[in-house]
Protein chains: 2
Amino acid sequence: MAPESDRKPIQFNLDPKSGVPYYKQIILQVEFAIADGRFATGDQLPTVRSLAVDLKINPNTVARAYNELEIRGIVNTQQGTGTFISDKQIKLTEVEREGMLDTLVRPLISKAASYGFAMAEVLDAVRDAYKGIVQNEEEQHDIL
Amino acid sequence: MAPESDRKPIQFNLDPKSGVPYYKQIILQVEFAIADGRFATGDQLPTVRSLAVDLKINPNTVARAYNELEIRGIVNTQQGTGTFISDKQIKLTEVEREGMLDTLVRPLISKAASYGFAMAEVLDAVRDAYKGIVQNEEEQHDIL
DNA sequence: TACATTGTACTATAAGACTAATACAATAGG
DNA sequence: CCTATTGTATTAGTCTTATAGTACAATGTA
């Protein structure tokens with residue numbers, strides 16, 4: 001067989017000492033890989049079993065991560081076939097998008113403000129973080 | 001001038017169904033009250049016991065919340081006296097501040113990006129959230 | 001000192017989170 | 001159809017979290 005041996009298969013790795021549960025580490029790595037372009041629409045994720053073997057954990061743990069990703073609409077999964085990055089990168093209404101953003105941003109702001117961070121500082125930090133992500137992108141000019 | 005007794009004592013309330021643990025709800029409410037000016041430097045928080053009675057929970061749960069707040073440097077606590085909003089609103093070095101912000105911002109960005117939110121959208125959301133907070137402020141050190 | 005007020009320590013327990021073992025079910029392809 | 005491959009379901013074990021009960025210790029003040 002000529003599998004995807006020529007495509008860099010994306011390196012997952014787990015840090016058992018981090019305190020962050022395995023399934024969450026997987027979710028984060030997938031999210032991040034999408035964000036910086038290492039995963040694109042339609043790409044197949046490693047199979048539940050292969051990734052489980054690779055990471056030396058139980059398949060169920062991988063499955064759980066994939067499941068949450070599917071619930072969030074980030075991946076599509078089909079039994080017998082595999083799990084793939086969602087074609088229609090999240091289908092939310094504008095209202096839902098706003099709400100989602102608010103949900104993500106609000107706790108951050110609450111904490112940042114009580115720590116005395118000025119709005120400008122937070123804005124800069126956000127810009128910096130995005131800069132780090134966009135470095136790998138090529139034809140994703142306007143995410144807007 | 002208004003002594004503490006007729007200053008609105010800040011209304012705490014808990015939502016048992018939210019899934020968010022009590023002690024975290026208390027922490028968040030204190031953080032938020034600081035952020036929007038309802039708590040200012042030097043203010044005394046309700047005593048462990050009084051708040052426990054008020055919320056109908058165990059004093060230890062309140063104590064835990066106050067403890068975490070103290071660890072973060074947000075309040076000062078003295079046995080026999082009470083718990084107070086920290087005078088020196090967090091004493092972090094610049095390096096620590098940067099690291100802290102990064103820690104707060106990074107997960108947000110990772111998620112926002114994988115949901116397809118553009119940087120500009122996130123920036124707007126941050127501005128909006130800060131606007132909501134600043135409404136109550138008056139002569140508070142300018143958040144720039 | 002005496003005492004009321006404040007936070008703290010220790011312990012117990014119930015609930016939930018996390019992972020794994022194992023067996024099941026759907027799909028693709030010969 | 002078979003069968004290998006994929007994800008799924010069920011169950012259980014272990015650990016951590018969250019809260020409470022109860023007793024202790026420090027502080028301020030008369």
Side-chain angles (χ1 to χ4, degrees), chain A residues 1-5 9-10 12-30 42-87, chain B residues 4-5 9-10 12-30 42-86:
Chain A
M1 306 186 183
E4 62 280 9
S5 39
I10 295 208
F12 285 86
N13 40 27
L14 300 177
D15 177 1
K17 289 175 292 188
S18 70
V20 180
Y22 291 161
Y23 83 97
K24 275 187 188 166
Q25 294 189 40
I26 295 171
I27 290 174
L28 286 172
Q29 288 178 40
V30 171
D43 282 358
Q44 177 170 16
L45 279 67
T47 70
V48 164
R49 274 177 181 71
S50 69
L51 186 52
V53 169
D54 190 24
L55 297 176
K56 298 186 176 60
I57 61 178
N58 191 282
N60 266 333
T61 304
V62 178
R64 173 165 185 186
Y66 285 9
N67 245 308
E68 286 222 16
L69 286 168
E70 169 151 61
I71 289 172
R72 302 186 196 177
I74 294 178
V75 304
N76 290 329
T77 169
Q78 264 199 320
Q79 190 162 321
T81 307
T83 303
F84 303 84
I85 303 298
S86 178
D87 332 0
Chain B
E4 189 139 337
S5 39
I10 296 208
F12 285 86
N13 40 27
L14 300 178
D15 178 0
K17 289 174 292 188
S18 71
V20 180
Y22 291 162
Y23 84 99
K24 274 188 188 164
Q25 294 190 40
I26 294 171
I27 290 173
L28 287 173
Q29 288 179 38
V30 171
D43 283 357
Q44 178 170 15
L45 278 66
T47 70
V48 163
R49 274 178 181 70
S50 68
L51 186 52
V53 169
D54 191 23
L55 297 177
K56 297 187 176 58
I57 61 177
N58 191 282
N60 266 335
T61 303
V62 179
R64 174 166 184 186
Y66 285 8
N67 245 308
E68 285 222 18
L69 285 168
E70 170 151 60
I71 289 172
R72 303 186 195 176
I74 293 178
V75 304
N76 290 329
T77 169
Q78 264 199 322
Q79 190 161 323
T81 307
T83 303
F84 304 84
I85 302 298
S86 178

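The sequence lines fix the lettering, A, B, ..., with proteins before strands; numbering per chain opens at 1.
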Give every donor-acceptor pair under 3.5 Å between a side-chain atom in residues 19-29 of chain A and any protein atom, sequence neighbours left out.
from	atom 1	to	atom 2	distance (Å)
A/Tyr23	OH	A/Arg64	NH2	3.4
A/Gln25	OE1	A/Asp15	N	2.8
A/Gln25	NE2	A/Asp15	O	2.9
A/Gln25	NE2	A/Ser18	OG	3.2
A/Gln25	NE2	A/Val20	O	2.7
A/Gln29	OE1	A/Asn13	N	3.2
A/Gln29	NE2	A/Asn13	O	2.6

What are the atom names and distances for every N/O pair under 3.5 Å that joins the protein to nucleotides 1-3 of chain C?
none

Q.
Among residues at least two apart in sequence or on other chains, which ones pass salt bridge (charged side-chain N to carboxylate O under 4.0 Å, His left out) with B/Glu70?
A. none
Q: Run through B/Thr83, B/Asn67, B/Leu69 and flag the one making a side-chain contact (heavy atoms from CB on, under 4.5 Å) with B/Thr77.
A: B/Thr83
(Q) On the nucleotide D/dA20, are OP1 or OP2 found under 4.0 Å from the side-chain N or O atoms that B/Thr61 carries? (A) yes
Q: Sugar-phosphate atoms are those with a prime plus P, OP1 and OP2; base atoms are the rest. Using that split, label each nucleotide of nucleotides 9-18 of chain D B, S or - for protein heavy atoms under 4.0 Å, 5' to 3'.
A: BB-------B
Q | Gap between atoms CD1 and P, on B/Ile71 and C/dT8 respectively (whole Å) | A | 10 Å
(Q) Rounded to whole Å, please give me the gap between CD in B/Glu70 and P in C/dT6. (A) 17 Å
Q: Assess whether side chain to side chain contact (heavy atoms under 4.5 Å, CB included) is satisfied between A/Asn76 and A/Ser86, documenting all intermediate values.
A: CA-CA 5 Å; A/Asn76 290 329; A/Ser86 178; 3.9 Å; yes
**Q.** Distance in angstrom units between B/Leu69 CG and C/dG7 C1', rounded
**A.** 14 Å
Q: Let me know the distance between CG of A/Leu51 and P of D/dT8, rounded to the nearest Å.
A: 14 Å
**Q.** Atom-pair distance (CG on A/Leu55; C1' on C/dC18), nearest Å
**A.** 16 Å
**Q.** Euclidean distance, atom NZ of residue B/Lys17 to atom P of C/dG16 [Å, nearest integer]
**A.** 16 Å
Q | Minimum heavy-atom distance between B/Pro46 and B/Phe12, given as atom pair plus value | A | CG-CE1, 3.8 Å
Q) What's the CZ-P distance between A/Phe84 and C/dT27, to the nearest Å? A) 13 Å
Q: Produce a footprint string for nucleotides 25-30 of chain D: one letter per nucleotide, 5' end first; B if the base is under 4.0 Å from any protein heavy atom, S if only the sugar-phosphate is, - if neither.
A: BBSS--
Q | Rounded interatomic separation in angstrom, taking OH from B/Tyr66 and P from C/dT6 | A | 11 Å
Q: Return no unless some side-chain N or O of A/Thr83 is found under 4.0 Å from OP1 or OP2 of D/dG7.
A: yes
Donor-acceptor pairs under 3.5 angstrom involving side-chain atoms of residues 47-62 of chain A: please list them, not counting sequence neighbours.
from	atom 1	to	atom 2	distance (Å)
A/Thr47	OG1	A/Ser50	N	2.9
A/Thr47	OG1	A/Ser50	OG	2.9
A/Ser50	OG	A/Thr47	N	3.1
A/Ser50	OG	A/Thr47	O	3.1
A/Asn58	OD1	A/Asn60	N	2.8

